[in-house]
Amino acid sequence: LCYCAPKSLEMPAYVQEYVAQYPTATQTSFESLEEASKDANILYVTRIQKERFETEEAYSAVKGSYIVDSAFMETAPVNDKFRVLHPLPRVDEIATTVDSDPRAAYFRQMENGMYVRMALLALVMGTV
């Protein structure tokens, strides 16, 4: 696992400790998105959630720290496995110019998630 986040938002120690219990899992932290993704198969991007910050200044300090845009995608791996995922909705962390890149899989991710939720609801309601 390669983590990439501003210092104030880095992966919590308790998560890293949990993952460390598994001997085959490796963890590395990066400050550069390009470095973190150079050997990656999946780049999972999330938005920086303004509502989780106590002040506007704290949010502004990290907002826009990492942006996936066409320039980044030119440096990203070009292989059959590399995909960009995102839980949506996005704010400005993924430029709309990336949407047409075949490695951008977040719309397929969203659609597949909808079908999974529909199936789970059908199971819970006993209609399947």
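Here the structure is a predicted model, which is why all the values come from computation and not from measurement. Computed from heavy atoms alone, side chains included, the values below leave out hydrogens, waters and symmetry copies.
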Roughly how far apart are [X] [atom1] and [Y] [atom2], rounded to 0.5 Å?
X: R47; Y: L88; atom1: CZ; atom2: CG; value: 10.5 Å
X: L43; Y: N41; atom1: CG; atom2: CG; value: 11.5 Å
X: T26; Y: L1; atom1: OG1; atom2: CG; value: 6.5 Å
X: L85; Y: M110; atom1: CG; atom2: CE; value: 12.5 Å

In the structure I gave you, are the side-chain heavy atoms of [X] and [Y] within less than 4.5 Å of one another anywhere?
X: K63; Y: D92; result: yes
X: Y106; Y: V45; result: no
X: R83; Y: Q109; result: no
X: V78; Y: R103; result: yes
X: I67; Y: F72; result: no
X: T96; Y: R90; result: yes
X: K50; Y: V91; result: no
X: R52; Y: L9; result: no

* Structure fact -> Those residues at least two apart in sequence (or on a different chain) that pass side chain to side chain contact (heavy atoms under 4.5 Å, CB included) with S70 are T97
Can you name the closest pair of heavy atoms from [X] and [Y] and give their distance?
X: F53; Y: V62; value: CZ-CG2, 3.5 Å
X: P23; Y: Q21; value: CD-O, 3.4 Å
X: E31; Y: Y66; value: O-OH, 2.7 Å
X: E93; Y: T46; value: CG-O, 4.0 Å
X: Q27; Y: Y3; value: OE1-OH, 2.6 Å
X: C2; Y: A36; value: CB-O, 3.7 Å

Are [X] and [Y] joined in one hydrophobic group, where the rule is that I, L, V, M, F, W and Y side chains link up if heavy atoms are under 4.5 Å apart?
X: V19; Y: I42; answer: no
X: F30; Y: F82; answer: no
X: I48; Y: M11; answer: no

Are more than 12 heavy atoms from other residues, nucleotides or ligands located less than 6.0 Å from atom [atom1] of [X]?
X: E54; atom1: CD; answer: no
X: Y18; atom1: OH; answer: no
X: N79; atom1: CG; answer: yes

* Structure fact -> Applying salt bridge (charged side-chain N to carboxylate O under 4.0 Å, His left out) to E111 and not counting sequence neighbours gives none
* To do: Please confirm whether the backbone N or O of A40 pairs with a side-chain atom of S37, one donor and one acceptor, at under 3.5 Å?
  => no
In a table with atom names and distances, give each donor-acceptor pair under 3.5 Å that connects a side chain of residues 117-128 to protein atoms at least two apart or in another chain.
{"from": "R117", "atom 1": "NH1", "to": "G113", "atom 2": "O", "distance (Å)": "3.2"}
{"from": "T127", "atom 1": "OG1", "to": "A122", "atom 2": "O", "distance (Å)": "3.2"}

